Participant: 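Encoded as structure tokens, here's the structure I'll be asking about.
Just so it is clear, the structure is predicted and the values come from calculations on it, not from any experiment.
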Amino acid sequence: MESRFDHLKYEGQIYKSWEKGGCFIPKKIVRGTLPYSIIMPPPNANDDLHVGHARFLTIQDILIRFYRMRGYSVLWLPGADHAGIETQYVFEKKLAAEGKSRFDYSREELFESLMKYTLNYKGIMENQIRAIGCSCDWTKSKFTLDKDIINIVYKTFKKLYDDGLVYRGETTVNYCTKCGTAFSQLEVNHSEEEGFLYTIDYGSIKISTTRPETIFADSAVCVNPKDERYKKYVGQEALIPIVNRKIPIIADQVVDIEFGTGALKVTPAHDFTDFEIGRNHNLSYISVIGLDGRMINVPPKYVGKKVLSAREMVIKDLKKEGKLVSEKKNTHVVGRCYRCNSLIEPMVLKQWFIKTDKLSALALSAINQKQIKFDIKKYEKIAKNWLKNLKDWNVSRQIVWGIQIPAWRCNKCMEWTITEGETPSMCPKCGHTELKRDPDTFDTWFSSGQWPFATLLSLDESNKKDFSYFDYYYPTSVMETAYDIIPFWVIRMIMLGIYATGSVPFKRILIHGLVRDGQGQKISKSKGNVINPLVMIEKYGADALRSGLIWGALVENDISLSEEKIRAQRNFANKIWNIARYISQGTDEVKIRSRAPKSSLEADVKIIKKLKNTARSITRLIEKHRLNEAIEKLYNFIWKSFANEYLESTKTRRKESQKILEYVLQESLKLVHPFMPFVSEAIWGEVFGDKKKGLLIEQRWPVNL
RNA sequence: GGUCGGUUAGCUCAGUUGGCUAGAGCAUUCGGCUUACAUCCGAAAGGUCAUAGGUUCGAGUCCUAUACCGACCACCA
């Protein structure tokens, strides 16, 4: 053995021998073997892995290796996410760099290019998962656009439709004119920005607005019923300048008396609040902004102008007419697209909605009845809070890259037909044979919300034998994911899982915190504090990165990661290596022992006892998902108790203690393995190596020593 | 405005149902190339656990209030 552990020499080759040896594939299930399963949250196949991925992959791999060594039938199912809008956004950026845009391609061409792009990244990403050392079963890997997955998603949508939980609604959506799609409320970033508040003369009343270009879309002027200044005007009419159209003056308590003039122009087509007012007062609405962000249904001179230039024109014209009363600086909150940062336009569109009240009730009761247990109470609170306040879910997205909604509309009777994916030959309502498919695709969270059962069911479809993966592994043991996607993903998996299968999708939920830099700051490209996991693996080894990602902070909390921390863990790996090196130098052949060698020497008895206690408490800690404590115990035992105390004490009586040293090393390596799989396997190979004895990954976890 | 957190050594964090003479890693200081490892060994220094009250034989740990920091959500035309 060399004096230092050379991770570059061992990691690649060890991983290959694991994968080739089928070590990640669940063993044949014998009677009484307990299942342990985790469905890997599929990383987006559009970029390199970042440290956040590395953290959750590490956490899951520790659990997986631990339970595998304990004799469970372990399934860790990997996957890749097509990541709809995100991928299309990244891809379009690439097109733009080549001087092209999505409009240069047909739907089919665009889809095909995106597929090629994504599958390429999927391969890259999978190799990065391998580099981290993840022992997932690659033979069962799933992609969110696999045909069998899509079929299951269609079935669920049809079932929802048949049960009356899907409707086509007209409502205000957050529309990004640049991305060309609507977003859910969760996909919009709000920011405070400087702008102007204009006061405009509407005849008998003056109103305040930040968006004068939408005056053409006004349906009413609204005041607060308690506002003494305006009581007398309610029921009368106001006059929109420039076009001189009359609109009613109404009263509603949503109006803030203090703000502006206390009178609000109601524009149902382009504002969320106004849409509600319009609905409550039975107002009609007029759209004046098209999906391309240009003006429509307005006097000819404004048609085709972009929103901001139309605003300037309107202000100019108002001034000319003397209708602009004032213009004040004003900070207000605007919505911006979370992908491209363009201004979000509220628009009224027809979209597919899923009614969420029944689904969220199912999820809530499953949580309350402890069919699903959150490890961490605060995250249970967050999930429940979301479930209680959920609004109906808009699942339509106007992008190509995704699962196209299986909805067809009859050209004659205009009725919709939903299928499980097959194209209807004629309209079931009127018999007409010309139908047009909705070009929209599903929100990615709608399909990934079905991921736990969709993956397992699809395994059974391609493997219709005597064994059902779904029956055996569902509900899965643990769902392990980040807290920032509780509302997007976790609660939707629970809702859709229970709805589609009648059973919760997983029994336990472990939510992990985010990775921050060494100073606890959020990692971002603009701050320049990005830590590249692949560079760290190259430099210090995968084991060092893995340990650094769980050392010193609870799994559920954010963790600060610095290069110093990773280096410290590299040193730990090297320490273990050198303990083994010392021990292997004391003999020609090391045997694997099934129990501790007998000795009555006090120091020997003490170290064996400590080993037992350490193994016991680490077992308990991993079961409780307290990984930071587990690795700290391990670190302390190996470095302090084993190396510095015991091993040092044996230097004067080398021969007598050799067997004990070998045994403690042997058992320690098993304890190390889930955390640092490469160095432990490398040592196992060097010290205990023998084809007959197998790999460390296949050894049994130390229990009842 | 709503929800959920945090405040413990210079830094980053642990501290499970209250018993701590408050711990770890990194950083610091001093001394060591001792033939496994200088990616090391030995030793040391460093905290009135945000503040104020309360419960208790006993509080970093429970309760109340205050201050500051943070995350997510909503949002005034």
Participant: Classify Ser208(A) by what it touches in the nucleic acid, base, sugar-phosphate, or nothing, heavy-atom distance under 4.0 Å.
Facilitator: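 Answer is base: heavy atoms of Ser208(A) come under 4.0 Å of a base.
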Participant: Using the P atom on both, measure C4(B) against G47(B) and round to a whole Å.
Facilitator: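 The answer is 37 Å between these two P atoms.
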Participant: Write down the partner of A24(B) under the Watson-Crick or G-U wobble criteria, each distance required to be under 3.5 Å.
Facilitator: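 Looking at the geometry, A24(B) pairs with U12(B).
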Participant: Base, sugar-phosphate, or nothing: which does Ile486(A) touch, judged by heavy atoms less than 4.0 Å apart?
Facilitator: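 Ile486(A): no heavy atom of the nucleic acid under 4.0 Å.
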Participant: Is the distance between the ring centroids of Trp577(A) and Tyr582(A) under 6.0 Å?
Facilitator: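 Centroid separation for Tyr582(A) and Trp577(A): 6.0 Å or greater.
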Participant: Report yes or no: do Tyr285(A) and Asp274(A) form a side-chain donor-acceptor pair below 3.5 Å?
Facilitator: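 Their side chains do not contain a donor-acceptor pair, so the 3.5 Å distance test is not met.
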Participant: Which of these nucleotides, G15(B), A36(B), C41(B), is closest to any side-chain atom of Arg626(A)?
Facilitator: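 Among the listed nucleotides, the one closest to the side chain of Arg626(A) is G15(B).
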Participant: Which word best sums up how the rings of Tyr233(A) and Tyr230(A) line up, parallel for under 30°, tilted for 30 to 60°, or perpendicular for over 60°?
Facilitator: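 Tilted: the ring planes of Tyr233(A) and Tyr230(A) meet at 30° to 60°.
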Participant: Which one is paired to G18(B), where only Watson-Crick or G-U wobble pairs with both distances under 3.5 angstrom count?
Facilitator: none
Participant: So what's U64(B) paired with, Watson-Crick or G-U wobble, going by both distances under 3.5 Å?
Facilitator: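 A52(B) - that is the nucleotide pairing with U64(B), both distances being under 3.5 Å.
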Participant: Paired with G70(B) by Watson-Crick or G-U wobble geometry, both distances under 3.5 Å: which nucleotide is it?
Facilitator: C4(B)
Participant: Say you pick atom P in U3(B) and the same atom in G60(B); how far apart are they, in whole Å?
Facilitator: 30 Å
Participant: Does G31(B) pair with anything, Watson-Crick or G-U wobble, both distances under 3.5 Å, and if so, with which nucleotide?
Facilitator: C41(B)
Participant: With heavy atoms under 4.0 Å as the rule, sort Asn574(A) into base, sugar-phosphate or nothing.
Facilitator: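 The residue Asn574(A) makes base contact.
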Participant: Before we go on, tell me: are the rings of Phe5(A) and Phe678(A) under 6.0 Å apart, centre to centre?
Facilitator: no
